[in-house]
Amino acid sequence: MNSIKAIRGMNDILPSAVGAWQSIERQMRTLLASFGYEEIRPPIVERTELFRRSIGEITDIVEKEMYTFDDRNGDSLSLRPECTASIARAAIQSGLLRTPGQRVWAMGPMFRHERPQKGRYRQFHQLDVEILGIADASAEAELIVMSRRLWRMLGIDDPVLEVNSLGDRTIQKRYRKELVEYFSSRSAELDDDCRRRLQTNPLRILDSKNPAMQPLIEAAPRIVDRLDPAALGHFERLEAMLGEAGVEYRINPRLVRGLDYYTGTVFEWTTDALGAQSAVCGGGRYDDLIADIGGSASPAIGFAIGLERLVALLELSGVEPSIPVPHAYLAGIGEAGERSAHAVAERLRDAISDLRLIVDAESASLKAKLKRANRSGARFAFLLGEEEIRDGALTVRDLRKDTPQSSISLEGISALIAAADAAPTPALPDH
RNA sequence: GUGGGCGUAGCUCAGCUGGUAGAGCCCUGGAUUGUGGCUCCAGUGGUCGAGGGUUCGAAUCCCUUCGCUCACCCCA
């Protein structure tokens, strides 16, 4: 019982699951490229200061969820809890913002020290997509349309899209004050949770799931009613574009979001299929962030997709991602066959590009090796013993068909593999 | 940090009110000395999460603790 285990909330993605991940990642890359987005890879560790200034000092993420430690020189560093701040930092640092309209994405692990539960882990993975330097609502529309295309591409049911506008900082500040006044006047009716939020992040009261709070929240002032003409115009323009594109959405005046940097449009794709963690994709505009962390003011917008949640959705949808099985399993037979197996395999690999070949040159019975061949999922078993060495050929068994085995020269193998790649692989005869 | 559920073989689990640990799957070998999948036979594998207590005797009852999981909080 003293074996070392993985850290709580940090999971191995095992070979049996990795097919789904690769399939999702591949399709995402294809989609992003088709929209003209370029990959960026910021480091996983940043100065703690970056997250404090971007995400916000009094957010849960910064207050209690970051993996923070001192570097050897005393600098406070943190594992990234999200990726937007890092991308913004990188863009400022390397001058990407000199050309507006940067479309970038990043994918990788994020870290938050929360209690794990279904769909929420301490190390989790996100795809982050950002448009830097475009203030127009067309950027919002583009990201939303692209994410919808992703759901369809993956073959999962469209999640529900919720949209809201938070207005700019001035509007937010005024609204927050109004909200605090409203809830303070009714603080006797608030539950403990909401009373706490009143002090920390009053907007989040709107998010409360407590049914008893609903009437109070319903009657609260709504930020959509406090937007100025510019913000309203922006939001209406987005609605028009979504309408034209046939995107279904719901305006949720209570959609706030837990990071401080959001201004203007925010949105979330949610599902009720994943238990309590309903957000599959969330994002919004952050027009002030870049200036906040020291860049010259530049509008920006982005979203993040939770890959664990997407993988879970894909499983629920019953889509079976095809994982590449080996073309062949080469079994050396007897001392001579085992000795030359790797040499023959190398000749095959030289001759056939992208050949997927497992070599079994262990000292074991042929029976055992054929068993392993079958288990490997390979289409063919190649047998190499003294006879084959003498004939300069391989004995080939089709593991998916009941046809008799045959002797094929090394030259003939490449036609065999090409033919197998061209035709759909037959399923295993019995299970 | 708080609350619920659960910890028995690699996996899925059985083991009733205490009597000294089992099945299926997987894996290995054999039936087939160079021939897989199906079948049959045999076998490997467990300090019953850990520690303590009650008892002649604990996987089973009690206490403590650790882990997993779901939910709250928050979010992808």
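Chain letters run A, B, ... following the sequence lines, proteins first and then strands; every chain starts at 1.
For A/E39, the CD atom sits in a packed shell: over 12 heavy atoms of surrounding residues, nucleotides or ligands are nearer than 6.0 Å. Under a cut-off of 6.0 angstrom, the local environment of CG in A/D70 is crowded, with over 12 non-hydrogen atoms contributed by other residues, nucleotides or ligands. Around atom CD of A/E38, no more than 12 heavy atoms belonging to other residues, nucleotides or ligands sit under 6.0 Å away. Counting heavy-atom neighbours within 6.0 Å of A/E218 CD, excluding the residue itself, gives a total above 12. The local environment of CZ in A/R347 is sparse, with at most 12 non-hydrogen atoms from other residues, nucleotides or ligands closer than 6.0 Å.
The same atom, C1', is picked in B/C62 and in B/G22; the two are 27 Å apart, to the nearest Å. Spacing between B/G10 and B/C26 at atom C1', rounded to whole Å, works out to 7 Å. For the P atom pair drawn from B/U28 and B/A21, the interatomic distance equals 28 Å after rounding to whole Å. Separating the P atom of B/G1 from that of B/G57 is a span of 38 Å, rounded to the nearest Å. For B/U55 and B/G19, the C1' atoms lie 12 Å apart once the distance is rounded to whole Å. Here, B/G43 and B/U47 have their C1' atoms 23 Å apart, quoted to the whole Å. Using atom P as the reference point in both B/A50 and B/C38, the two lie 36 Å apart (nearest Å). If you take atom P in B/C61 and the same atom in B/G18, they sit 8 Å apart, rounded to whole Å.
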Polar atom pairs between nucleotides 27-35 of chain B and protein, under 3.5 Å, N or O only, would you list them?
{"residue": "B/C27", "atom": "OP1", "partner": "A/R375", "partner atom": "NE", "Å": "2.8"}
{"residue": "B/U28", "atom": "OP1", "partner": "A/R375", "partner atom": "NH2", "Å": "3.4"}
{"residue": "B/U28", "atom": "OP2", "partner": "A/R375", "partner atom": "NH2", "Å": "3.1"}
{"residue": "B/G34", "atom": "O6", "partner": "A/E387", "partner atom": "N", "Å": "3.0"}
{"residue": "B/G34", "atom": "O6", "partner": "A/E387", "partner atom": "OE2", "Å": "3.3"}
{"residue": "B/G34", "atom": "N1", "partner": "A/E388", "partner atom": "OE1", "Å": "3.0"}
{"residue": "B/G34", "atom": "N1", "partner": "A/E388", "partner atom": "OE2", "Å": "3.2"}
{"residue": "B/G34", "atom": "N2", "partner": "A/E388", "partner atom": "OE2", "Å": "2.6"}
{"residue": "B/U35", "atom": "O2", "partner": "A/R397", "partner atom": "NE", "Å": "3.4"}
{"residue": "B/U35", "atom": "O2", "partner": "A/R397", "partner atom": "NH1", "Å": "2.7"}
{"residue": "B/U35", "atom": "O2", "partner": "A/Q405", "partner atom": "OE1", "Å": "3.0"}
{"residue": "B/U35", "atom": "N3", "partner": "A/Q405", "partner atom": "OE1", "Å": "2.7"}
{"residue": "B/U35", "atom": "N3", "partner": "A/Q405", "partner atom": "NE2", "Å": "3.0"}
{"residue": "B/U35", "atom": "O4", "partner": "A/Q405", "partner atom": "NE2", "Å": "2.7"}

Could you list, one pair per line, each protein nitrogen or oxygen that sits under 3.5 Å from a nitrogen or oxygen of nucleotides 39-41 of chain B, together with the distance?
none

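A salt bridge links A/R250 to A/E162: one of the charged nitrogens lies within less than 4.0 Å of a carboxylate oxygen. Taking the charged nitrogens against the carboxylate oxygens, A/R257 and A/E268 do have a contact shorter than 4.0 Å, which makes a salt bridge. Note on A/E142 versus A/R103: salt bridge recorded, some NZ/NE/NH1/NH2 to OD/OE distance being below 4.0 Å. Between A/R285 and A/E140 there is a salt bridge, since a side-chain N of the basic residue sits under 4.0 Å from a carboxylate O of the acidic one. Salt-bridge formation is not detected for the pair A/E387/A/R390: no Lys NZ or Arg NE/NH1/NH2 atom is positioned less than 4.0 Å from an Asp or Glu carboxylate oxygen. For A/K369 and A/E338, the salt-bridge test passes: some basic side-chain N is under 4.0 Å from an acidic carboxylate O. For A/E46 and A/R89, the salt-bridge test passes: some basic side-chain N is under 4.0 Å from an acidic carboxylate O.
Proximity of residues 28-40 of chain A to RNA chain B (heavy atom under 4.0 angstrom from any strand atom) is not detected for any residue.
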Quick one, give me the B/S/- string for nucleotides 1-8 of chain B, reading 5' to 3', where B means a protein heavy atom under 4.0 Å from the base and S means that only happens at the primed atoms, P, OP1 or OP2. BBB-----
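Residues that satisfy the side chain to side chain donor-acceptor pair (under 3.5 Å) test with A/R149, not counting sequence neighbours, are absent from this structure. Applying the side chain to side chain donor-acceptor pair (under 3.5 Å) criterion to A/R47, with sequence neighbours excluded, gives A/D75.
Rounded to whole angstrom, the span from the NE2 atom of A/H113 across to the P atom of B/C73 amounts to 18 Å. For the pair A/F303 CZ and B/A76 C1', the interatomic distance rounds to 12 Å; values are reported in whole Å. In this structure, the NZ atom of A/K5 is 10 Å from the C1' atom of B/A50, given to the nearest Å. Rounded to whole Å, atom C1' of B/C73 lies 15 Å from atom CD1 of A/I58. When the P atom of B/U69 is taken as reference, atom CD of A/Q117 falls 11 Å away, rounded to whole Å. When the P atom of B/A76 is taken as reference, atom CE of A/M107 falls 18 Å away, rounded to whole Å. Between the OH atom of A/Y121 and the C1' atom of B/C68 there is a distance of 12 Å, rounded to whole Å. Spacing between atom CG of A/D12 and atom C1' of B/C11 amounts to 16 Å, rounded to whole angstrom units.
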Should A/Y261 and A/D292 be marked as a side-chain hydrogen bond (donor to acceptor under 3.5 Å, both in side chains) after you check the CA-CA gap, both sets of side-chain angles, and the distance that decides it? CA-CA 9 Å; A/Y261 55 63; A/D292 286 347; over 6 Å; no
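Residue A/N11 is the one, among A/N11 and A/E308, whose nearest nucleotide of RNA chain B lies closer to the 5' end (criterion: closest heavy atom). Across the interface with RNA chain B, nearest-nucleotide mapping of A/A6 and A/E65 shows A/A6 to be the residue nearer the 5′ end.
Remark: B/U55 base-pairs with no nucleotide; criterion is Watson-Crick or G-U wobble with both hydrogen-bond distances under 3.5 Å. Using Watson-Crick or G-U wobble geometry with both donor-acceptor distances under 3.5 Å, B/A76 finds no partner in any strand shown. If you check B/G18 for Watson-Crick or wobble pairing at under 3.5 angstrom, you find it has no partner at all. Base pairing of B/G67: its partner is B/C6, meeting the Watson-Crick or G-U wobble criterion (both donor-acceptor distances under 3.5 Å). Using the Watson-Crick or G-U wobble rule with both distances under 3.5 Å, B/U47 pairs with nothing in any strand shown. B/C40 and B/G30 make up a base pair, with Watson-Crick or G-U wobble contacts both under 3.5 Å.
Side chain A/N374 to base B/G37: no donor-acceptor pair is found below 3.5 Å. Judged by distance alone with a 3.5 Å cut-off, a donor-acceptor contact links the side chain of A/D402 to the base of B/G37.
Backbone-only engagement by A/A279 is indicated by non-hydrogen atom pairs under 4.0 Å involving sugar-phosphate atoms exclusively. At a threshold of 4.0 angstrom between heavy atoms, the contacts of A/R257 are confined to the sugar-phosphate backbone, with no base atom among them. A/G275 comes within contact range of the sugar-phosphate backbone alone, with a heavy-atom separation under 4.0 Å but no base atom that close. Using a 4.0 Å heavy-atom criterion, one finds that A/Y329 contacts no nucleic acid atom at all.
Each of B/C70, B/C73, B/A76 was ranked by its minimum atom distance to the side chain of A/K118; first place goes to B/C70. If you check B/A76, B/G36, B/G67 against the side chain of A/R8, the one that comes closest is B/G67.
A heavy-atom distance below 4.5 Å is not found between the side chains of A/R309 and A/S278.
A ring-centre distance under 6.0 Å is found for A/Y67 and A/H113.
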